[in-house]
Amino acid sequence: QIQLVESGGESVRAGGSLRLSCLGNKNTFQYFTMGWFRQAPGKEREFVAAISKKDGRTKYADSVKGRFTVSRDNALNTLYLQMNGLKIEDTATYYCAASILIDIIMTTGEWSYWGQGTQVTVYS
């Protein structure tokens with residue numbers, strides 16, 4: 001099992017940057033593939049980015065490629081999402097998620113554990 005706590009969400013002007021963090025359990029974090037999802041009002045939760053537990057492979061949604069970077073620090077039990085060049089359409093609640101799978105699956109059903117979410121608002 002793993003408990004996840006996100007932080008770092010706030011309001012930012014379009015074009016700006018934010019770094020989200022997700023803190024997991026000390027003894028189990030390294031055994032999970034970790035990911036970020038987001039959900040805007042009235043929309044379904046969607047995949048943003050993820051990093052594998054095995055070899056650090058990453059995967060990104062097309063909408064964030066080249067702007068967002070996902071990383072992890074197993075020594076600190078922390079997952080990060082560096083978001084640059086933020087756009088108004090990036091406004092959403094961002095969720096950290098954990099999967100026992102090695103492969104990165106972009107659908108929500110394969111992710112067993114979720115954080116409570118952190119709000120990112122991008123304004124013009």
Side-chain angles (χ1 to χ4, degrees):
Q1 270 195 330
I2 186 170
Q3 284 77 47
L4 303 170
V5 179
E6 304 97 332
S7 61
E10 59 182 72
S11 296
V12 63
R13 188 178 297 275
S17 298
L18 279 178
R19 189 177 79 159
L20 304 183
S21 298
C22 173
L23 180 66
N25 299 63
K26 178 178 180 180
N27 295 325
T28 60
F29 181 83
Q30 63 181 314
Y31 300 115
F32 289 90
T33 288
M34 299 298 300
W36 291 98
F37 288 74
R38 67 186 181 186
Q39 188 167 18
K43 295 187 176 181
E44 292 189 352
R45 192 168 298 189
E46 65 175 4
F47 174 84
V48 176
I51 183 166
S52 174
K53 63 180 178 179
K54 182 180 181 182
D55 52 12
R57 285 179 297 115
T58 57
K59 183 178 286 188
Y60 297 91
D62 288 343
S63 59
V64 306
K65 279 181 182 176
R67 299 189 298 123
F68 291 11
T69 302
V70 61
S71 61
R72 64 190 297 164
D73 187 332
N74 288 341
L76 296 179
N77 318 312
T78 303
L79 175 73
Y80 300 101
L81 185 67
Q82 178 66 43
M83 305 187 293
N84 299 329
L86 281 161
K87 304 177 180 179
I88 292 175
E89 51 263 43
D90 293 320
T91 295
T93 300
Y94 283 72
Y95 296 90
C96 173
S99 168
I100 61 172
L101 302 178
I102 294 175
D103 292 332
I104 294 172
I105 308 299
M106 298 173 71
T107 53
T108 58
E110 299 299 330
W111 298 79
S112 302
Y113 303 96
W114 295 85
Q116 83 289 348
T118 186
Q119 179 66 37
V120 172
T121 302
V122 184
Y123 59 91
S124 60

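Not measured: the values here are computed from a predicted model.
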Val120/Met83 under side-chain contact (heavy atoms from CB on, under 4.5 Å): CA gap, chis, key distance, verdict: CA-CA 10 Å; Val120 172; Met83 305 187 293; 3.9 Å; yes
Residues Leu81, Thr69; criterion side-chain contact (heavy atoms from CB on, under 4.5 Å); working and verdict: CA-CA 6 Å; Leu81 185 67; Thr69 302; over 6 Å; no
side-chain contact (heavy atoms from CB on, under 4.5 Å) between Phe32 and Ile100, intermediate numbers included: CA-CA 5 Å; Phe32 289 90; Ile100 61 172; 3.7 Å; yes
Glu6 and Tyr95: CA distance, side-chain angles, deciding distance, side-chain contact (heavy atoms from CB on, under 4.5 Å) verdict: CA-CA 7 Å; Glu6 304 97 332; Tyr95 296 90; 4.0 Å; yes
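For the pair Trp111 and Arg45, the minimum side-chain heavy-atom distance is 4.5 Å or more.
Residue pairs meeting the disulfide (SG to SG under 2.5 Å) criterion with at least one member in residues 9-39, sequence neighbours excluded, are Cys22-Cys96. Within the structure, the salt bridge (Lys or Arg N to Asp or Glu O under 4.0 Å) test picks out the following pairs touching residues 91-116 (sequence neighbours left out): Arg57-Asp103.
Residue Thr58 holds its OG1 atom at 9.5 Å from CG of Asp55, rounded to the nearest 0.5 Å. Note that CG of Leu18 and CD of Gln82 are 8.5 Å apart. Values are rounded to the nearest 0.5 Å. Rounding to the nearest 0.5 Å places CG of Leu23 at 8.5 Å from CG of Leu4. Note: Ser11 OG to Gln119 CD = 7.5 Å, rounded to the nearest 0.5 Å. For the atom pair Lys53 NZ and Ile104 CD1, the distance stands at 12.0 Å (nearest 0.5 Å). Distance check: Arg38 CZ to Glu89 CD gives 8.0 Å after rounding to the nearest 0.5 Å.
Around atom CG of Leu76, more than 12 heavy atoms belonging to other residues, nucleotides or ligands sit under 6.0 Å away. Within 6.0 Å of CD in Glu44 there are 12 or fewer heavy atoms belonging to other residues, nucleotides or ligands. In Tyr31, the OH atom is not crowded: 12 or fewer heavy atoms of neighbouring residues, nucleotides or ligands sit closer than 6.0 Å.
Taking the salt bridge (charged side-chain N to carboxylate O under 4.0 Å, His left out) definition, one finds that Lys65 meets it with Asp62, sequence neighbours left out. Listed by chain and number, the residues in a side chain to side chain donor-acceptor pair (under 3.5 Å) with Ser17 are Asn84 (sequence neighbours excluded). Listed by chain and residue number, nothing satisfies the side chain to side chain donor-acceptor pair (under 3.5 Å) test with Asn77 (two or more places apart in sequence, or in another chain). For Arg72, there are no salt bridge (charged side-chain N to carboxylate O under 4.0 Å, His left out) partners two or more places apart in sequence or in a different chain.
The two atoms that bring Thr78 and Ser21 nearest to each other are CG2-CB, 4.2 Å, heavy atoms only. Ala98 and Met34 get closest at one heavy-atom pair: CB-SD, 3.7 Å.
By the rule that hydrophobic residues join a cluster once side-chain heavy atoms approach within less than 4.5 Å of another member, Val48 and Val122 end up as members of one cluster.
Side-chain N or O atoms of Gln39 include none that pairs as donor or acceptor with a backbone N or O of Thr93 at under 3.5 Å. Trp36 places no side-chain N or O within 3.5 Å of a backbone atom of Leu20 that could act as its donor or acceptor partner. Judged by distance alone, with hydrogens and angles left aside, the side-chain atoms of Asp73 form a donor-acceptor pair with the main-chain N or O of Ala75 at under 3.5 Å.
For Phe47 and Phe37, the ring centers sit closer than 6.0 Å to each other.
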